[in-house]
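Worksheet: one structure, shown below.
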Amino acid sequence: AGNGTAAGVLGLCYAKGEHVEQDNEQAHKWFEQGVAHGNPESMMNLAYMYVNGIGGQTDPKKAAELYEQAAKAGFAPAGFHLAQMYHGGQGVEKDLTKEFTWALQSAEAGHVPAQYHVGALYWNGDGVGRNLVEAKNWMKKAAEGGSQPAKSILAQIAKLEKERQQKQQKQQENPSE
């Protein structure tokens, strides 16, 4: 009846085999219907199928186009996946600046894996100037969102900061050492 969201839900049912027999061709068909009606989740799910060759041939270029379409429609996870495609040059030319741009857009929209990724990009200076303050800020956001890797990195940073502080304090107390 022209409902893109319903088509996307039906596509997921077929993809996962929930309430119907699992059928990737049917999933592909229903995701295409969702895309035709502007449903960003269908765009992302169909892109995933193209990346992984599920229900047909692998088509990274088509996947990147769909991820971008979904990201431009405001679906944050799609922007994160598009950033990863720019990182590896999958379906698009490798471009660390575009990787950062799409990851940041997704992170700003609250997507926790993207927040962690942006923190790592700032930490390494990939696609953006190295900025340890921004790296730590994004890792904090990701950790608050439940990211275990971000929590681990923040614990390592805290340990290093504490060691540096103790070393500085010791040097101030004993300047001859």
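Given the structure is predicted, the values throughout are model-derived calculations rather than measurements.
In the hydrophobic clustering of ILVMFWY residues, with side-chain heavy atoms under 4.5 Å counting as a link, Val51 and Tyr48 come out together. Both Tyr86 and Met44 are members of a single hydrophobic cluster when ILVMFWY side chains are connected at heavy-atom separations under 4.5 Å. Linking Ile, Leu, Val, Met, Phe, Trp and Tyr residues whenever their side-chain heavy atoms come within less than 4.5 Å places Tyr67 and Val92 in a single cluster. Tracing side-chain contacts under 4.5 Å through hydrophobic residues (I, L, V, M, F, W, Y), one never reaches Leu10 starting from Ile54; they form parts of separate clusters. Residues Leu66 and Trp30 do not share a hydrophobic cluster, clusters being chains of Ile/Leu/Val/Met/Phe/Trp/Tyr side chains in contact below 4.5 Å.
Side-chain contact check for Lys170 versus Asn174: some heavy-atom pair is nearer than 4.5 Å. With a 4.5 Å cut-off on side-chain heavy atoms, Leu121 and Trp138 do not count as touching.
The two residues Ala135 and Gly119 come nearest to each other via the heavy atoms CB-O, 3.4 Å. Contact detail for Ser42 and Gly4: the closest heavy-atom pair is OG-O, 3.9 Å. Here the shortest heavy-atom pairing between Gly38 and Pro40 reads O-CD, 3.1 Å. Nearest heavy atom pair, residue Pro77 against residue Ser106, reads N-OG, 4.2 Å. When all heavy atoms of Ala150 and Ala142 are compared, the pair lying nearest together is CB-CB, 3.7 Å. In terms of heavy-atom proximity, Ser147 sits nearest to Val112 at CB-CG1, 3.8 Å.
Residue-environment remark: CD (Glu163) exceeds the threshold of 12 foreign heavy atoms within 6.0 Å. Atom CD of Gln166 has more than 12 heavy atoms from other residues, nucleotides or ligands within 6.0 Å. Summarising the local packing, NZ of Lys151 is surrounded by more than 12 heavy atoms from other residues, nucleotides or ligands at distances under 6.0 Å. Within 6.0 Å of CD in Glu173 there are more than 12 heavy atoms belonging to other residues, nucleotides or ligands. Residue Gln165 qualifies as open at atom CD: its count of foreign heavy atoms under 6.0 Å is 12 or below.
Expressed to the nearest 0.5 Å, how far CG of Leu132 lies from CG of Asn137 amounts to 11.0 Å. Once rounded to the nearest 0.5 Å, the distance linking CG of Leu82 with CD of Gln90 reads 11.0 Å. The CZ atom of Phe75 sits 13.0 Å away from atom CD of Gln69, with the distance rounded to the nearest 0.5 Å. Here the CH2-CD distance, from Trp102 to Gln105, works out to 5.0 Å after rounding to the nearest 0.5 Å. Atom CG in Leu104 sits 13.0 Å away from atom CZ in Phe80 (nearest 0.5 Å). Atom CD in Gln33 sits 11.5 Å away from atom CG in Asn39 (nearest 0.5 Å).
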For this session: Go through Ile157 and Trp123 one step at a time and tell me if the side chain to side chain contact (heavy atoms under 4.5 Å, CB included) criterion holds.
Result: CA-CA 11 Å; Ile157 291 171; Trp123 185 268; 3.9 Å; yes
Problem set entry | Derivation and outcome, side chain to side chain contact (heavy atoms under 4.5 Å, CB included), residues Leu46 and Tyr50 | CA-CA 6 Å; Leu46 188 56; Tyr50 281 126; 3.6 Å; yes
For this session: Take Lys61 and Glu65 through the test side chain to side chain contact (heavy atoms under 4.5 Å, CB included) and record every step on the way to the result.
Result: CA-CA 6 Å; Lys61 185 176 182 198; Glu65 291 169 1; 3.8 Å; yes
Problem set entry | Test log, rule side chain to side chain contact (heavy atoms under 4.5 Å, CB included), inputs Tyr14 and Gln22 | CA-CA 5 Å; Tyr14 278 110; Gln22 197 274 336; over 6 Å; no
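Listed by first and then second residue, the salt bridge (Lys or Arg N to Asp or Glu O under 4.0 Å) pairs involving residues 129-149 are Lys136-Glu161 (not counting sequence neighbours).
Under the 6.0 Å cut-off for aromatic ring centres, Tyr122 and Phe100 qualify, their centroids lying closer than that.
Among Glu99, His87, Gln84, the single residue meeting the side chain to side chain donor-acceptor pair (under 3.5 Å) criterion with His117 is Glu99.
With Ser152 contributing its side chain and Gln148 its backbone, the two residues share a donor-acceptor pair below 3.5 Å.
One finds a salt bridge joining Glu68 and Lys72 here, because a Lys/Arg side-chain nitrogen approaches an Asp/Glu carboxylate oxygen to under 4.0 Å.
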